[in-house]
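Input: a single structure, listed below in structure tokens.
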Amino acid sequence: MSRQSLSKAHKKITELSWEPTFATPATRFGTDYTFEKAPKKDPLKQILRSYFPMEEEKDNRVFGAMDGAIRGNMFRQVQQRWMEWQKLFLSIIPFPEISAARAMPMAIDAVPNPEIHNGLAVQMIDEVRHSTIQMNLKRLYMNHYIDPAGFDMSEKAFANNYAGTIGRQFGEGFITGDAITAANIYLTVVAETAFTNTLFVAMPSEAAANGDYLLPTVFHSVQSDESRHISNGYSILLMALADESNRQLLERDLRYAWWNNHCVVDAAIGTFIEYGTKDRRKDRDSYAEMWRRWIYDDYYRSYLIPLEKYGLKIPHDLVEEAWNRIVNKGYVHEVAQFFATGWPVNYWRIDPMTDQDFEWFESKYPGWYNKYGVWWENYNRLRYPGRNKPIAFEDVDYQYPHRCWTCMVPCLIRPDMVTEKVDGQWRTYCSETCAWTDIKAFRPEYEGRPTPNMGRLTGHREWETLHHNQDLADVISSLGYVRDDGKTLVPQPHLDLDDPKKLWTLDDVRGITFQSPNVLLNEMSDAEREAAVAAYKAGGPGGRPAAVA
Amino acid sequence: MAAPVKKPDAVRSFPKPEFTDAEAGALDFPSANSRSYNYFQPAKMRATTYEDVTFDVQPDPARHLTQGWIYGFADGEGGYPQDWTALKSSDWHRFRDPNQEWEQTIYRNNANVVRQIQQNLANAKLAKAYQNWAPGWVRFVERNLGAWMHAENGIGLHVFVACQRSAPTNMINNAIAVNSAHKMRFAQDLALYNLDLSEADIGFDGSVHRSVWHEDPAWQGVRENAERLTAIGDWAEALFATNVVYETLVGGLFRSHLVMQISARNGDYVTPSLVGTGENDFSRDLAYTRSLLSLLVRDSEHGAANVELLQTWLSEWLPVSLHAAQELQPIWSHPAERVVPFADSFAAAKDDLRSVLADLGVPEPKELSA
Ligand SMILES: [Fe+2]
Ligand SMILES: [Fe+2]
Ligand SMILES: [Zn+2]
């Protein structure tokens, strides 16, 4: 279509909306935001007549690549270290995608201006595309990769695993609570605009370096829809800024959404990129370097800061602190170490680190070996069953961490842990901001102002509570992380499938009692708890318990 | 052209592929052959691609979601509460979309439709097909098809996009999402057709559709019906009132039992090809709606109560759609060639509704036989 006929077509389809007089659309989802002064915004419109063939064309390229990968025996060259983490990643990501589709009517409800509705509706269709195309990619992995265990139980494992739950925030956060908080600030202004770059651009390039060129094919195709979504979100944000009374809520939501996205996405993607790769060229970017480019420069400096002139309060301190956690406080390393500690309750295998990995980490993150090296040597030493228990239950100078009540990633940067009695329960938080999120932000009142539409943090948020005092073998059986011989575990702390004696079974983990740090904390007397918290905060890095005074 | 110069090695850095032999079948070990999603029961022996890519992606505390929903609304309820409809099911997850819609089918089908439409419109332009239209037919199309596109768009956006947030399973919500894509695409196709016609030099007024939709008495019943459908809070009631009641009595009446019947006799072979795609979409959308409601009315635990509830909804929505249909009657006399009497079209539309109701075991209300 020519430019002129395109703009005529756009104009024509805006004629489809009308002001109802008999009845107005049901308001299913509330917001405390107002859009009384919202200026008319014209985000990118999509004419479905060109949209469907355009997407079909993109699909054809994806499906062509899939056929090619199978015919070209791609799996003879993929790194198992990398593919194993895809069992976790691809179990999570289709849910955020479909949640983004479900979030669209919330944004439509909240923003009365019809100019924005068309774009949001098309985004809904995109997100159905993303969710199902990713499920289909996973199916291909399950069919063609050497070890299908973990892919085969994907959505079940996602729903019953601690790591799946961490990822689930990045999805449930789009569809519940205040409609603008969820469907605009959390979903679009932060998750899509900032973090899809690490998800859908940085990660695929790491996949390619590990022999998997299908992930890049699918995820670049997904990412190519994203600029329209970002434009939708930006329009709504500018509309919201027009009402002075929204600014306090915008500041709150940007702080919450930024920090939660950082906690969740950087934990997962950081681990995949740093610990899931075999590419140890010194000149390949570390996650920290990628983050600096994609998030700090492209998002924070080029997108967020310019919004300051429209009255948006930017969480400068939290951007800097996220960076500080990644580059100085070892956030990604602490998380990866925790995933590996918890290997028996995962649904993927985790490859030990080698000398070559150590060298790379030391060059990218000076001081790495002193903090984490010995622990990874122990992980390697304890990788086979028979003579020892899983590493979490051996003495390797590692204290199993408390979990953050808000972001559900454990409180791994131990001096930063915050402990508070909230709603009658002692809760631990990984950071001041996560404590604020639960205690101040997700409440019916914010800084003296009623926020009747704000959501709540709900559910059994500490995963360990569900399995407290159970036998580890029973925990794993009840989760279903057992292979089809009825005894070999899905998770393994190594990649060696060649010898059955190297594979852990239920018998190897029976007789070990699994405990919840939060239950134990709540059982303590005040004095015991204070001492325990003080000792915990004196611990780390690398999970080391504090030296006994 | 200069001879290629190899860059010094230090500048070129790339990962080295490695032979890993990580393909299926390379080794034998427990679960080496476990190559299907094993957490749900497929409807047939083997799961279809559609089931694989759709089932359980929206988790459910009644299935595998052990920690429950981790975000709630202000009232504490999170995720996809089952009480967002008053209909009940002993297992919502039994529903499968008979159209098996997922990513690939959505784009394939809709891309095929728009290609077909664009081809037809291009041919029509080339053949100057609109030049033969009688002025009365031009008026008919500009007013009535023009008004109709509003209904399609409003319902697509404010009934179906809205409802795909609300049902308890991914299978249901995706089917509803595809339904909304159909509606919006069809509405836009009609709008762009309207644009083509206003540029065709046949005296076609491309702006009159607004006032017809807003003010023409014949169309106010349809507009009222459409607007009221968007105001329904219960997603299944919205689905029933729209796809079962309104779409058969009003949608089918206008598209199938009027436009499709009379266009050719008025020298117009383009409009039916376009409206036919809307009819085709609707038959797919009715199919999933029927299978969902059929499951619910046959539910071992809640079937009887569900039938009763559908009857209640019917008693509320039948008069609205009957009224909308009857108000439309004057447009049957607009075209020069009056091929079908309103009474025949209306009877056919009522038959369509009767057959759906019979299928669902919902007793026929007396208003329908009147
Ligand atoms: Fe997406
Ligand atoms: Fe998106
Ligand atoms: Zn936290």
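Per chain, numbering begins at 1; letters A, B, ... match sequence-line order.
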Query - Aromatic ring proximity Tyr71(B)/Phe442(A), centre distance under 6.0 Å - result: yes

Query raised in the report: Can you check whether Tyr51(A) and Tyr107(B) have ring centres sitting under 6.0 Å from each other?
Result: yes

Query - Ile232(B), part contacting chain A, at a heavy-atom distance under 4.5 Å - result: backbone

Query raised in the report: Side chain, backbone, both or neither: which part of Arg210(B) has a non-hydrogen atom closer than 4.5 Å to chain A?
Result: side chain

**Report entry** Proximity breakdown for Gln220(B) and chain A, heavy-atom pairs closer than 4.5 Å
**Finding:** both

Report task. Before giving the answer on side-chain hydrogen bond (donor to acceptor under 3.5 Å, both in side chains), spell out for Gln164(B) and Arg102(A) the whole-Å C-alpha distance, their side-chain angles and the decisive distance to 0.1 Å. Result -> CA-CA 6 Å; Gln164(B) 58 88 45; Arg102(A) 310 304 179 226; 2.7 Å; yes

Query raised in the report: So do the side chains of Arg483(A) and Ser34(B) get within less than 4.5 Å of each other, counting heavy atoms only?
Result: no

**Report entry** Region of Phe29(B) in contact with chain A, defined by heavy-atom distances below 4.5 Å
**Finding:** side chain

Requested in this report: Pick one of side chain, backbone, both or neither for Phe55(B), based on which atoms fall under 4.5 Å of a heavy atom in chain A.
Outcome: backbone

**Report entry** chain B contact via Ile98(A) - side chain, backbone, both or neither, heavy atoms under 4.5 Å
**Finding:** side chain

Report summary line: If one checks every heavy atom of Thr49(B) against chain A at 4.5 Å, the contacting part turns out to be both

Query raised in the report: Contact part of Asp75(B) toward chain A, heavy-atom cut-off under 4.5 Å: side chain, backbone, both or neither?
Result: neither

Query raised in the report: So what's closer than 4.5 Å to chain A heavy atoms on Ile117(B): side chain, backbone, both or neither?
Result: side chain

Requested in this report: Side chain from CB out, backbone as N, CA, C, O: work out which of these in Leu466(A) comes under 4.5 Å of a heavy atom of chain B, or both, or neither.
Outcome: side chain

Query - Arg456(A)/Glu77(B) ion pair, N-O < 4.0 Å - result: no

Query raised in the report: Checking Arg63(B) against chain A: side chain, backbone, both or neither under 4.5 Å from a heavy atom?
Result: neither

Query raised in the report: Among Glu55(A), Met124(A), Lys487(A), Gln169(A), which has the most heavy-atom pairs under 4.5 Å with chain B?
Result: Met124(A)

